[in-house]
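Counting starts at 1 for both ligands and their atoms, in listed order. Positions are given from 1, in the same order as the sequence printed here.
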Amino acid sequence: MIVLKSDAEIEKMAAAGAVVARVLNLMETEIAEGITTAQLDELAEQTVRDAGGVPTFKGYRGFPASICASPNAMVVHGIPSSYTVVDGDILSVDVGVTLDGLVADSAWTFPVGEISERTRELLATCEKALLAGIEQAQPGNHVGDISAAVQQITEAAGFAVIRTLVGHGVGRAMHEDPQVPNFGEPGSGTELREGMTIAIEPMITAGTHEIALADDEWSISTADGSMSAHFEHTVAITTDGPRILTVRTVPESAAAATSLLA
Ligand code: MG
Ligand code: MG
């Protein structure tokens, strides 16, 4: 069942999203050779709690931490640990915050020091695919329009979409209907309506799309060991178009907000 959100609920999600964005901005500052993912998790949790929020992931189905930290070939759901970041890594950080009962969810993949040209392209493509997907999040469009846009950008750059992991409705709970796959046909799937709030989250790889679950039963990596990127925003569908609720920079004007989608 799809839960439509009131304007008041969307504002609360934007407040939660601002905390998520603050955490990701902090991660971008702190991620450097020598830091462990457990240290990053500690910083993230403190930031969320200082803002009066609750880290949504902590305890979710038993997940032990506040962020997912997934280096290199790890796609998602990495458990923060003693893993020490080194130059040349990429690190995907996924953050969920519950504030005043509403949830926002966003992820970003950060380069550490110098990374290869192809990996840089992987990150740029994933971010571009996210923005192309968001652009399709309009009333009257369908989920498949988002999916197709993400797939098109990804495959045009020679990368592959992970097929078994999907975006999702979000807001009153972390995972709501509908599912938002990163591949599909334009015009297919659920029609998008004002008041829907969804997490759009391309997960893409430089190799094939097969994945493998680790023995910790959480972390998922590419089966072939290829690098993987993950960019995610929580987006509200409004009559004025898509509204990013986890925006990491506050645009100075409506024109700047629009250019984020260009
Ligand atoms: Mg997420
Ligand atoms: Mg998500």
What's the atom name of the N, O or S in Asp105 nearest to the Mg ion (ligand 1)?
-> OD1
Does Phe159 have its ring centroid less than 6.0 Å away from the ring centroid of His209?
-> no
Is it the case that more than 12 heavy atoms not belonging to Lys58 sit under 6.0 Å from its NZ atom?
-> yes
Is it the case that more than 12 heavy atoms not belonging to Arg163 sit under 6.0 Å from its CZ atom?
-> yes
Answer yes or no for His168: is there an N/O/S atom below the 2.8 Å cut-off from the Mg ion (ligand 2)?
-> yes
Could you walk me through whether Gln136 and His142 pass the side-chain hydrogen bond (donor to acceptor under 3.5 Å, both in side chains) test, one step at a time?
-> CA-CA 8 Å; Gln136 295 300 317; His142 290 74; over 6 Å; no
Near the Mg ion (ligand 1), is there an N/O/S atom from Asp94 that is less than 2.8 Å away?
-> yes
Vertex the Mg ion (ligand 2), ends Glu232/OE2 and Glu201/OE2: angle to nearest 10° comes to 90°
